[in-house]
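One structure is given here, and the rest of the page talks about it.
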Amino acid sequence: MHLATSPDDQQRWLAAYSGAARALAEQKAVELRELTTVQALRDTDLLLQAAAEAYLAPERLHTSGLVEQQRLFAPAR
């Protein structure tokens, strides 16, 4: 990865980033305008279903994973 170290590189990077941000904002606005109530409800239902499945995962019923995480990080101390 090349870092923009010169002022010219930084200006080009900023222009590209700003252009991308505008394009993404425009795309988001278009998608929101075209979103129907049925699509919004379907997508919301899918997100809620995924959240419910993650919450009810069997491995999450007995532990948060914090103890396992600490066991893995302990050697790095």
Salt bridge between Asp45 and Arg42, side-chain N to carboxylate O under 4.0 Å?
no

Distance check, rounded to the nearest 0.5 Å: Asp9 atom CG versus Leu3 atom CG?
10.0 Å

Beyond-backbone contact of Gln10 with Leu14, side-chain heavy atoms, under 4.5 angstrom
no

Apply side chain to side chain contact (heavy atoms under 4.5 Å, CB included) to Leu72 and Glu68, showing your working.
CA-CA 6 Å; Leu72 292 171; Glu68 179 67 11; 4.2 Å; yes

Please answer whether the main-chain N or O of Glu31 pairs with a side-chain N or O of Glu34 as donor and acceptor at a distance below 3.5 Å.
no

In Å and rounded to the nearest 0.5 Å, what is the CG to CG distance from Leu41 to Leu46?
11.0 Å

To the nearest 0.5 Å, what is the distance between CD on Gln39 and OG1 on Thr44?
11.0 Å

Drop me the distance from Trp13's CH2 to Asp8's CG, to the nearest 0.5 angstrom.
15.5 Å

